Amino acid sequence: MICFLNQYSLRLHTMHFEGFHLPVTYLWFRLDVPVILRNSEEADSLSVVSKKQMRQVKNPFGLDITNPDAASITSGISLTPNCLENCMLTCYWGCSVQRLQEALQHHLYCFLIKSPTALENVLYGEYLHKEQHVVQKHGKEEIYTQLPPDSQLEDFGSLPRTHYPLVAFLTLSDEEDRESYDIVSMLAVIHIPDRCYRLPCRIMYQYLLTSQGQFYDLKQLFMSANDYQLQSTSDSSSQDSTADKDLLEKFGLSEEDVQEDNAKDCVVCQNGTVNWVLLPCRHVCLCDGCLRYFQHCPICRQFVQESFPLCSQSSPTSDGSSPIEED
């Protein structure tokens with residue numbers, strides 16, 4: 001059937017795909033460019049994003065850089081571990097890149113890297129300096145580490161480098177704790193600015209090593225823009241801040257209430273709680289209801305290959321556990 005409507009025509013065709021007959025509506029515009037039209041139900045059936053199967057594990061290790069702007073090869077660096085059990089922090093300055101990668105492969109195929117001794121058996125002494133520090137359970141004391149003054153080292157050479165500036169290795173002190181946790185150790189590769197490479201100090205990689213002989217590269221999740229908006233609001237002038245507080249008091253609200261509500265809003269409906277991590281961009285910006293409508297991230301527009309929830313109704317993550325991908 002052909003029906004002529006003014007300057008374009010509407011034609012109905014039936015397309016054949018491996019024995020199936022699919023009615024498809026074509027719309028020809030002035031330049032004879034066909035456009036496929038589908039209703040919303042057909043679009044929903046074609047926009048299914050794969051969902052990863054995850055399981056929750058408890059990570060006993062945490063590590064932050066204290067005052068990263070002050071860190072350097074000559075002046076050293078301050079680290080703040082935050083662990084759920086008594087741990088040992090071992091710092092390897094100038095650790096070989098090749099040997100560290102071999103250590104990760106040994107954890108996969110040979111023996112578990114769950115103690116400093118096991119790691120050093122693979123590094124073969126290819127590091128410049130080593131320090132060890134005791135970390136108390138739930139302690140957040142700063143630990144200062146630096147190269148010996150007589151090393152006279154100012155940089156680790158030009159890129160690509162053969163040695164990492166600093167590798168921090170966190171392990172559980174008690175053998176009983178090593179048996180009770182799925183994650184038995186954590187390796188953190190830290191960049192420290194020097195004479196040749198002046199980018200800010202930061203943690204480049206974090207590897208979680210498990211008791212099953214696997215390791216995972218810990219990645220940062222990017223929350224919605226509400227965090228940035230809240231931070232920008234806190235940097236505003238004192239006059240605007242006073243006016244905002246007066247307005248909140250007028251409606252019986254506090255700044256904490258507003259921040260708590262805004263931080264969890266879905267960027268699409270502005271109502272549901274953000275719960276879904278989109279991969280590979282790692283944006284956390286959609287609620288349970290809005291996820292099925294998007295094949296592209298609403299923040300960066302990158303194609304969504306997979307997704308997984310931060311928590312489910314049956315398995316909340318209030319105990320501090322982290323989702324780990326199941327193979």
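Because the structure is a prediction, the values reported are computed rather than measured. All values below come from the heavy atoms of this structure, side chains included, with hydrogens, waters and symmetry mates left out.
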Problem - Nearest-0.5 Å distance that lies between atom NZ in Lys58 and atom CD in Glu85 - result: 8.5 Å
Handout entry: Min side-chain heavy-atom separation Arg99-Tyr127 under 4.5 Å
Key = no
Exercise for the section: Locate the shortest heavy-atom distance separating Leu209 from Tyr207; write the atom from each residue and the value. Expected result: CD1-O, 3.5 Å
Practice task
Evaluate whether atom CD of Gln302 has more than 12 neighbouring non-hydrogen atoms of other residues, nucleotides or ligands under 6.0 angstrom away.
Solution key: yes
Practice task
Answer yes or no: is there a side-chain heavy-atom contact under 4.5 Å between Leu147 and Ile73?
Solution key: yes
Exercise for the section: Kindly say whether Phe61 contributes a backbone atom to a donor-acceptor pair with the side chain of Asn59 at under 3.5 angstrom? Expected result: yes
Completion exercise
Tightest non-hydrogen contact, residues Gly213 and Leu108, listed as O-CD2, 3.1 Å
Exercise for the section: Just do the side-chain contact (heavy atoms from CB on, under 4.5 Å) check on Leu63 and Thr80 with the steps written out, would you? Expected result: CA-CA 6 Å; Leu63 185 68; Thr80 305; over 6 Å; no
Problem - Cluster overlap Leu218 with Ile113, hydrophobic side-chain contacts below 4.5 Å - result: no
Problem - Interatomic spacing from SG in Cys87 to CD in Gln136 - rounded to 0.5 Å - result: 10.0 Å
Practice task
Could you walk me through whether Val284 and Leu310 pass the side-chain contact (heavy atoms from CB on, under 4.5 Å) test, one step at a time?
Solution key: CA-CA 9 Å; Val284 187; Leu310 290 177; 3.7 Å; yes
Practice task
Calculate, to the nearest 0.5 Å, the distance between atoms CD and CG belonging to Gln206 and Leu170 respectively.
Solution key: 9.0 Å
Problem - Any donor-acceptor N/O pair, Arg178 side chain to Leu172 backbone, under 3.5 Å - result: yes
Practice task
Check whether Met88 and Leu112 end up in the same hydrophobic cluster, where Ile, Leu, Val, Met, Phe, Trp and Tyr are linked by side-chain heavy atoms less than 4.5 Å apart.
Solution key: no
Problem - Check: Val184 main-chain N/O paired with Thr210 side-chain donor or acceptor under 3.5 Å - result: no
Handout entry: Inter-residue atom distance Ser72.OG - Asp155.CG, 0.5 Å rounding
Key = 12.5 Å
Handout entry: Cys287 vs Cys269 side-chain heavy atoms within contact, under 4.5 Å
Key = yes
Practice task
Using the six-membered ring wherever Trp is involved, compare the ring planes of Phe222 and His283 and label them parallel, tilted or perpendicular (cut-offs 30° and 60°).
Solution key: tilted
Completion exercise
Scanning both residues in full, the closest heavy-atom pair of Cys196 with Gly157 reads CB-O, 4.0 Å
Exercise for the section: Report yes if some heavy atom in the side chain of Arg202 is under 4.5 Å from a heavy atom in the side chain of Ile190; otherwise report no. Expected result: no
Problem - Same apolar cluster (I L V M F W Y, side chains within < 4.5 Å links), Val267/Trp276 - result: yes
Exercise for the section: Check step by step if side-chain contact (heavy atoms from CB on, under 4.5 Å) holds for Tyr205 and Val167. Expected result: CA-CA 10 Å; Tyr205 308 105; Val167 172; over 6 Å; no
Problem - Check: Cys290 and Cys266 side chains under 4.5 Å, non-hydrogen atoms - result: yes
Practice task
Run the ring-centre check on Tyr197 versus His191 and record whether the distance is less than 6.0 Å.
Solution key: yes
Exercise for the section: Taking atom CD of Gln212 as the centre, report whether more than 12 heavy atoms of other residues, nucleotides or ligands fall under 6.0 Å from it. Expected result: yes
Problem - Note, Leu286 side chain near Pro298 side chain (heavy atom, < 4.5 Å) - result: yes
Handout entry: Heavy-atom donor-acceptor pair, His107 side chain to Gln214 backbone, under 3.5 Å
Key = yes
Handout entry: Positive for side-chain hydrogen bond (donor to acceptor under 3.5 Å, both in side chains) with Thr145, one of His129, Lys130, Glu131
Key = Glu131
Fill in the blank from the handout: Here the pair of heavy atoms bringing Gln146 nearest to Gly76 is CB-CA, 3.6 Å
Exercise for the section: Give, for atom OG1 of Thr273 and atom CG of Asp265, the distance between the pair rounded to the nearest 0.5 Å. Expected result: 7.5 Å
Practice task
Give a yes or no on whether the backbone of Lys219 and the side-chain of Arg282 come within a donor-acceptor separation of less than 3.5 Å.
Solution key: no
Practice task
Give the cluster check for Tyr144 versus Ile65: same hydrophobic cluster or not, with ILVMFWY residues linked at side-chain heavy-atom distances below 4.5 Å.
Solution key: no
Problem - Donor-acceptor pair between Thr171 and Ser115 side chains, under 3.5 angstrom - result: no
Fill in the blank from the handout: Note: Ile192 and Ala71 closest approach over all heavy atoms is CG2-C, 4.2 Å
Problem - CG on Leu84 to CD1 on Ile183, rounded to 0.5 Å - result: 10.0 Å
Handout entry: Smallest separation among heavy atoms of Thr90 and Pro116, with atom names
Key = OG1-CG, 3.5 Å
Problem - Beyond-backbone contact of Gln295 with Val304, side-chain heavy atoms, under 4.5 angstrom - result: no
Practice task
Please examine the side chains of Cys201 and Asp69, heavy atoms only from C-beta on, and report whether any two atoms are closer than 4.5 Å.
Solution key: no
Exercise for the section: State whether the side chain of Ser173 and the backbone N or O of Asn86 hold a donor-acceptor pair below 3.5 Å, judged by distance alone. Expected result: yes
Exercise for the section: Check the hydrophobic clustering (I, L, V, M, F, W, Y; side-chain heavy atoms under 4.5 Å; chains of links allowed) and say if Val97 and Leu159 are grouped together. Expected result: no
Exercise for the section: Using distance alone, with no hydrogens and no angle criterion, decide if Glu120 and Tyr92 have a side-chain donor and acceptor under 3.5 Å apart. Expected result: yes
Problem - Centroid separation Phe303 to His296 less than 6.0 Å - result: yes
Practice task
Carefully, step by step, assess Phe169 and Ser185 under the rule side-chain contact (heavy atoms from CB on, under 4.5 Å).
Solution key: CA-CA 7 Å; Phe169 186 44; Ser185 60; 3.6 Å; yes
Practice task
In sequence, state the C-alpha distance, the side-chain angles, and the governing distance for Asp194 and Arg161, and then conclude on salt bridge (Lys or Arg N to Asp or Glu O under 4.0 Å).
Solution key: CA-CA 13 Å; Asp194 56 27; Arg161 291 180 166 177; 2.8 Å; yes
Exercise for the section: Using only heavy-atom distances, determine whether the side chains of Gln101 and Gln105 contain a donor-acceptor pair under 3.5 Å. Expected result: no
